[in-house]
Amino acid sequence: MLKLSHEVNLFFHWRLMIMDEKYFAKKVEQKWQKIWSENKTFEVEIDSEKPKFYALEMLPYPSGNLHMGHVRNYSIGDALAWYKRLKGFNVLHPIGWDSFGQPAEDAAIKRGVNPLDWTEDNINHMRNQLKRLGLSYDWRREIFAHRPDYYKFDQWFFLKMYEKGLAYKKMTQVNWCPNCQATLSNEQASGGLCWRCGNLVTKKDLEQWFLRITNYADQLLEDMSEIEAGWPQKVLKRQRDWIGRSEGAYVDFKLTQPVGEIEKIRIFTTRIDTIFGANAVVVAAEHPLIDAYFECFTEEVKKTIEKIRLEKRKITDYEAEQEKEGIDTGLKAINPFSGEELPIWVGNYVMMEYGTGAVMSVPAHDERDFEFAKKYGLPIRQVISSPHQSFDKFGQEAFTEYGILINSGEWTGKTSEEAIKEMAEYARRNGFGEPAVTYRLRDWGISRQRYWGAPIPIVYCDDCGIVPEKYENLPIELPKNVEITGMGESPLAKVAEFVNCSCPQCGKPAKRETDTMDTFVDSCWYYFRYCDPHNPDLPFDPKIVHYWTPVDQYIGGDDHAVMHLIYTRFWTKVMRDIGLVNFNEPVKRLLTQGMVVGETFFEVIPNPDDPSGKGKRIYYPPDTVQVERDQKGRIISAKSADGKPLQWAIERMSKSKGNGVDPDEMVEIYGADATRIFTLFAAPVENELVWNETGIEGAVRFLQRVWRFVWKWQEKISDSTTCEIDKIEFSAEARKLRRKTHQTIKRVTENLESLQFNTPIAALMELLNAIYDFKVEPENASPGDLFAIREAVTSLIVMLAPFAPHVAEELYSQIVGNEKGLLANGVRFPEYDEELAKADEIEIPIQINGKLRSKVVASADASDEDLKALAFADAKIKEYINGKEIVKVIVVPKRLVNIVIKG
RNA sequence: GCUGGGGUGGCGAAAUAGGUAGACGCACAGGACUUAAAAUCCUGUGAGACCGAAAGGUCUCAUGCGGGUUCGAGUCCCGCCCUCAGCACCA
């Protein structure tokens, strides 16, 4: 029967393609990926007629395989890109490869492969994976960070920064990861751990190129106000903490006897109001004063200094606070406020990297100084008193709050707030200090003793010194066939053809810089390059970039909050200062998606080496584990194949834990559309996403249900003979369906505008359920029924496009009878009609004293009085209020009635 | 320790301005179709108690815990507890 009607359908609609009765994901997906590619559906150019939208996702590192985190990231971006296109925007949606970096070199070391081949192979494989997901990128704009036409401009930017004094070289202790054999920036060594492998970081002396990000510290802070509305506050907070602005004052303490050239020692303090309580000046072991006087110290002092220096260099156990250590150097300095002579100590708790590397020690009002003074029996003098309550714990702990100054000469009696301002001013007037601001943020060290990065375009000439390369000589290309040992020295240093060059200034033989740039340089400006990806002369044409940028929506993980996201903000400000862009902030809105996690199974074996006693986990792949669940579906026990009892948890997907899911496999089994729908539906985007196989099956079921319905109604829906709408009569059922349709359009639109992706899919499922509830068969549908069905189904299909574009395209093509696709057909996201979305009958809950007691049905335009009357007429309510005193009646218009009674 | 998120069924989660808590999905259970299975469709599903032969109905308790404001609190206020994340001698 069904088969027959299908043939009849084909007979009458000869122009239609044959529609499969069943949904075959792979077939549909291959078909539409081909059409999109042939029709250049997602290729865009500047169009002044349309509003633009720049949808950007963080570009992947080509590690070899896509993982579910990528799928989630790109599904979100693609949904947004599709939605905006259907809303009439000119959408730029590009992708590329962050293809410089260490794994390529590691592969070279371990397996002897060429980093270039390894990288290109990985890109080819991963590009295919992305294409199989059917993501709507403009592939013409694909960029490759490792290719000379791209890194040429890393070098170009470096030269620009060098010219502006923003790039400089200095000898420094760098962060060094012994495991990766790599230098790390401060951001990459945050928390004392390597950002890539998690190992503890050590220190190493090296000459390094730095970028003066600290010049922009204040702007990086202040301009946050421009993006506050669109960025997650946790990201901004982390950046704020990282920049670590701190207001205080410098104070110079004169030495009683000059040490060589050094006559005074400058300290930084936020609590100048406590200066009368200083009992010592404490300096870092690396302080210049220590170096200058070193030979004159007693043996004991020398030994202690050496010990502290050594300790600092060692792997620091970042969890344990180190015990304070120090020694009186024998030198003296004078407190400029009190005139008191103070000893100068060396202390391991003073860091050379922060402030001036020297502090005044005020034990009564600083916890660290207190601890130090206690240990070494230094005097503790109270100079701040608490205005509110008596603080009687002096001698037991430090009082660190603001208060009233005491024992402070002419400043006695002032509040801390007043004194902080006035004393810094006083110091300035008298030439021994000034108000000051310090930052935790350090300059960005970009030198890497690595091969697989952009060479730093600098030449060392015996006569001219450090000479920047000429712009016309760019790119300075990476040589091929380089021996990579991974021993921590620059591989390029051993390549004579590369190193030996002529000086760009005098032409004499010279040597090239052999370090390469941190790969975070590449990602600082890549999304500007997308706008003008093949420009041979400039990183991009400012005019083109002016149309597309700033980025309207950026999507990615929040793990780059103080790396990529702070570097790229800095880079943008530099680009602004050299006239390439005309705004302060490159990204208007940022969305950070949560991790993809999965169930893990493991046994814990005790690890005697680990003092924390956590033990070591041995993981078992989930498909080898026998899991027992109770009636409710909870796991009650898990056993390995050989019967060992296992523990379970939910953890980030990774190979070593065996809980990873291969996107290719998901696409193969369930299809790209279902995979994408599930990743978006299962949880809000910012939450963790727990992967479970049955969930994705639910997504397939949903798509199949849509398909089946369209298949059944295809003939009727695609029949283009239309009636005039005002002549159509709608049954109550049809009106109800239309209402649901318009309510759904409203919900989906609002949800997408507020970047929710799980709730609109739920709304579409509800609409589909309503369509299925509409119990009319195609053969006996009235014009009103048909209209309602057509409206519901067409809206559903178009609204499905952002989440499951292949299915949407296919079903739409079946209805419209051509294969041009939604966008070429000029399809727009449906608009809702407020009137139709309104219910004509509403259910009103009736409460007695705030408790739900009954419900009544009222017409949608019922007045408060009507609702009240209905409530009192209700039999159940009558019973409740029978004989009771009615205190008051609250009517929330069109929502609820609450009757307050007494007795 | 400091800072910022977050605690809602068996699970993932919904809930525009305080106004029917648990939409949607998963899982589970029962039923229909089938020779059978899969698929599909239908029904049920927060906990407890009660009325009724049944269909169905009623009540109480439920959004981490304890208070408060309010006619009414998942939502607002105060105090705790737990949890995740970031930072950590920053002077």
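Just so we're clear, the structure is a prediction, and the values are computed from it rather than from any experiment.
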Engineer: What nucleic acid atoms does A:V359 come within less than 4.0 Å of, heavy atoms only: base, sugar-phosphate, or nothing?
Structural biologist: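 Base contact.
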
Engineer: Say we look at B:C76 and B:G10: how far apart would their P atoms be, to the nearest angstrom?
Structural biologist: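 The same atom, P, in both gives a distance of 25 Å.
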
Engineer: Hey, does A:M351 reach any base, or is it just sugar-phosphate, or nothing, if we go heavy atoms under 4.0 Å?
Structural biologist: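 The residue A:M351 makes base contact.
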
Engineer: In whole angstrom, what separates A:F702's CZ from B:C26's P?
Structural biologist: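 Nearest whole value for this atom pair: 11 Å.
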
Engineer: Expressed in whole Å, how much space separates the P atoms belonging to B:C24 and B:G46?
Structural biologist: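 To the nearest whole Å, 13 Å.
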
Engineer: For A:R440, answer base if it contacts any base atom (sugar-phosphate contacts may also be present), sugar-phosphate if it contacts only those atoms, and nothing otherwise; contact means non-hydrogen atoms under 4.0 Å.
Structural biologist: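 Result for A:R440 = base.
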
Engineer: Return whichever of A:W242 or A:E353 has its heavy-atom-nearest nucleotide of RNA chain B closer to the 5' end.
Structural biologist: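 Nearest-nucleotide comparison on RNA chain B picks A:W242.
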
Engineer: Could you tell me how far B:C2 sits from B:U60 if I compare only their C1' atoms? Round to whole Å.
Structural biologist: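 Between the two C1' atoms, the distance is 44 Å.
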
Engineer: Counting just side-chain N and O atoms, does A:K234 come under 4.0 Å of either OP1 or OP2 of B:G5?
Structural biologist: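 For B:G5, OP1/OP2 do not have a side-chain N/O of A:K234 under 4.0 Å.
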
Engineer: Looking for any heavy atom pair under 4.0 Å, which part of the strands does A:V350 touch: base, sugar-phosphate only, or nothing?
Structural biologist: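 Answer is base: heavy atoms of A:V350 come under 4.0 Å of a base.
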
Engineer: Whole Å only: how far is the CG atom of A:N849 from the P atom of B:U70?
Structural biologist: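 After rounding, the reported distance stands at 15 Å.
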
Engineer: If you look at every strand shown and take non-hydrogen atoms under 4.0 Å, does A:G244 touch a base, only sugar-phosphate, or nothing?
Structural biologist: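 It contacts nothing in the nucleic acid.
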
Engineer: How many whole angstroms separate atom CG of A:N348 from atom P of B:C89?
Structural biologist: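 My rounded result for the distance is 11 Å.
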
Engineer: Measuring only the C1' atom in each nucleotide, how far is B:G64 from B:G7? A whole number of Å is fine.
Structural biologist: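 Pairwise C1' distance, B:G64 against B:G7, rounds to 6 Å.
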
Engineer: Just how far, in rounded Å, is P of B:A88 from OH of A:Y354?
Structural biologist: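 The distance from OH of A:Y354 to P of B:A88 comes to 13 Å, rounded to the nearest Å.
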
Engineer: What nucleotide, of B:C89, B:C24, B:C26, holds the atom closest to the side chain of A:R368?
Structural biologist: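 Of the options given, the side chain of A:R368 lies nearest B:C89.
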
Engineer: So A:I877 and A:V897, do their side chains get closer than 4.5 Å, heavy atoms only?
Structural biologist: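 SC-SC contact between A:V897 and A:I877 ruled out.
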
Engineer: Any side-chain heavy atom of A:F678 sitting closer than 4.5 Å to one from A:S75?
Structural biologist: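 In short, these two side chains do not touch, never coming nearer than 4.5 Å.
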
Engineer: Could you state the atom-to-atom distance from CD of A:E401 to P of B:A91 in whole Å?
Structural biologist: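 The answer, rounded to whole Å, is 16 Å.
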
Engineer: Counting just side-chain N and O atoms, does A:R853 come under 4.0 Å of either OP1 or OP2 of B:U60?
Structural biologist: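 For B:U60, OP1/OP2 do have a side-chain N/O of A:R853 under 4.0 Å.
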
Engineer: Should A:E417 and A:Y402 count as side-chain neighbours, where that means a heavy-atom distance under 4.5 Å?
Structural biologist: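 Yes. Closest side-chain heavy atoms under 4.5 Å.
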
Engineer: Can you tell me if the side-chain N/O atoms of A:K876 get under 4.0 Å from OP1 or OP2 in B:U58?
Structural biologist: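 Checking A:K876 against B:U58: at least one side-chain N or O falls below 4.0 Å of OP1 or OP2.
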
Engineer: Report the base-pairing partner of B:G18 (Watson-Crick or G-U wobble, both distances below 3.5 angstrom), or none.
Structural biologist: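 Pairing partner, where one exists within any strand: none, as none qualifies.
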
Engineer: Can you tell me the distance, in whole Å, between the CD atom of A:Q704 and the P atom of B:G25?
Structural biologist: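 The distance from CD of A:Q704 to P of B:G25 comes to 15 Å, rounded to the nearest Å.
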
Engineer: Has the side chain of A:H365 got a donor or acceptor atom that lies under 3.5 Å from a matching backbone atom of A:G277?
Structural biologist: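 Not confirmed, A:H365 side chain does not pair with A:G277 backbone.
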
Engineer: Can you tell me if A:S361 touches the phosphate of B:A91, counting only side-chain N or O atoms and a distance under 4.0 Å to OP1 or OP2?
Structural biologist: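 The answer is no; no side-chain N or O of A:S361 sits under 4.0 Å from OP1 or OP2.
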
Engineer: Roughly how far apart, to the nearest Å, are B:U63 and B:A54 at atom C1'?
Structural biologist: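 Roughly 35 Å separates the two C1' atoms.
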
Engineer: Nearest to the side chain of A:R708, which nucleotide is it out of B:C41, B:C90, B:C26?
Structural biologist: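 Between B:C41, B:C90, B:C26, the one nearest the side chain of A:R708 would be B:C41.
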
Engineer: What is the pairing partner of B:C80, taking Watson-Crick or G-U wobble pairs with both distances under 3.5 Å in any strand?
Structural biologist: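 Across any shown strand, B:C80 pairs with B:G64.
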
Engineer: Short question: side chain of A:K855, backbone of A:L852 - any donor-acceptor pair under 3.5 Å?
Structural biologist: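 Not confirmed, A:K855 side chain does not pair with A:L852 backbone.
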
Engineer: Kindly give the atom pairs (protein nitrogen or oxygen, nucleotide nitrogen or oxygen) under 3.5 Å for nucleotides 14-20 of chain B.
Structural biologist:
from, atom 1, to, atom 2, distance (Å)
B:A14, OP1, A:N758, ND2, 3.1
B:G19, N2, A:Q847, OE1, 3.2
B:G19, N2, A:N898, ND2, 3.4
B:U20, O2, A:K855, NZ, 3.1
B:U20, N3, A:E843, OE1, 3.1
B:U20, O4, A:E843, OE1, 3.1

Engineer: Going by atom types alone, do A:T438 and A:Y354 pair a side-chain donor with an acceptor below 3.5 Å?
Structural biologist: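 Distance-only check passes for A:T438 and A:Y354.
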
Engineer: According to a strict under-4.0 Å criterion, is A:R705 in side-chain N/O contact with OP1 or OP2 of B:C41?
Structural biologist: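 For B:C41, OP1 or OP2 has a side-chain N or O of A:R705 closer than 4.0 Å.
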
Engineer: Please state how far atom CE in A:M563 lies from atom P in B:C87, giving the value in whole angstrom units.
Structural biologist: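 Roughly 10 Å, once rounded to whole Å.
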
Engineer: Can you find a heavy atom in the side chain of A:L752 that is under 4.5 Å from one in the side chain of A:F757?
Structural biologist: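 Result yes, sub-4.5 Å side-chain heavy-atom pair found.
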
Engineer: Taking B:A32 as the reference, what is the distance to B:C26 when you measure between their C1' atoms (whole Å, please)?
Structural biologist: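 B:C26 and B:A32 have their C1' atoms separated by 23 Å.
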
Engineer: With both distances kept under 3.5 Å, what pairs with B:A88, Watson-Crick or G-U wobble?
Structural biologist: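 For B:A88, the partner nucleotide comes out as none, under the 3.5 Å rule.
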
Engineer: Does B:G44 pair with anything, Watson-Crick or G-U wobble, both distances under 3.5 Å, and if so, with which nucleotide?
Structural biologist: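 Partner of B:G44: B:C28.
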
Engineer: A:S795 vs A:Y832, test: side-chain hydrogen bond (donor to acceptor under 3.5 Å, both in side chains). Steps then yes/no.
Structural biologist: CA-CA 10 Å; A:S795 303; A:Y832 63 92; over 6 Å; no

Engineer: With both distances under 3.5 Å as the test, what is the Watson-Crick or G-U wobble partner of B:A36?
Structural biologist: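 With both distances under 3.5 Å required, B:A36 matches none.
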
Engineer: So does A:K851 get a side-chain nitrogen or oxygen closer than 4.0 Å to the phosphate oxygens (OP1/OP2) of B:C61?
Structural biologist: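 Yes, A:K851 has a side-chain N/O under 4.0 Å of OP1/OP2 on B:C61.
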
Engineer: Rounded to whole angstrom, note down the P distance from B:A55 over to B:C61.
Structural biologist: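 Those two atoms are separated by 27 Å.
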
Engineer: When you compare B:G4 with B:U45, how far apart are their C1' atoms, in angstrom units rounded to a whole number?
Structural biologist: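 About 38 Å, rounded to a whole number of Å.
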
Engineer: Under 3.5 Å, side-chain donor or acceptor atoms of residues 692-700 of chain A against the rest of the protein: list the pairs with distances, not counting sequence neighbours.
Structural biologist:
from, atom 1, to, atom 2, distance (Å)
A:N692, ND2, A:T694, OG1, 2.9
A:E693, OE2, A:Y670, OH, 3.3

Engineer: How close or far is atom P of B:G4 from atom CG of A:L236, stated in whole angstroms?
Structural biologist: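 Rounded to whole Å, this separation is 14 Å.
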
Engineer: If you check the A:Y880 side chain, which of B:U40, B:C59, B:C89 turns out closest?
Structural biologist: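 When the side chain of A:Y880 is considered, B:C59 is the closest of B:U40, B:C59, B:C89.
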
Engineer: With heavy atoms under 4.0 Å as the rule, sort A:D558 into base, sugar-phosphate or nothing.
Structural biologist: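 Counting heavy atoms under 4.0 Å across all strands, no contact is made by A:D558.
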
Engineer: Is a side-chain donor or acceptor of A:N758 paired with a backbone partner of A:T679 at a separation under 3.5 angstrom?
Structural biologist: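 Not at all, since once roles are kept as given, no pair shorter than 3.5 Å links the two residues.
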
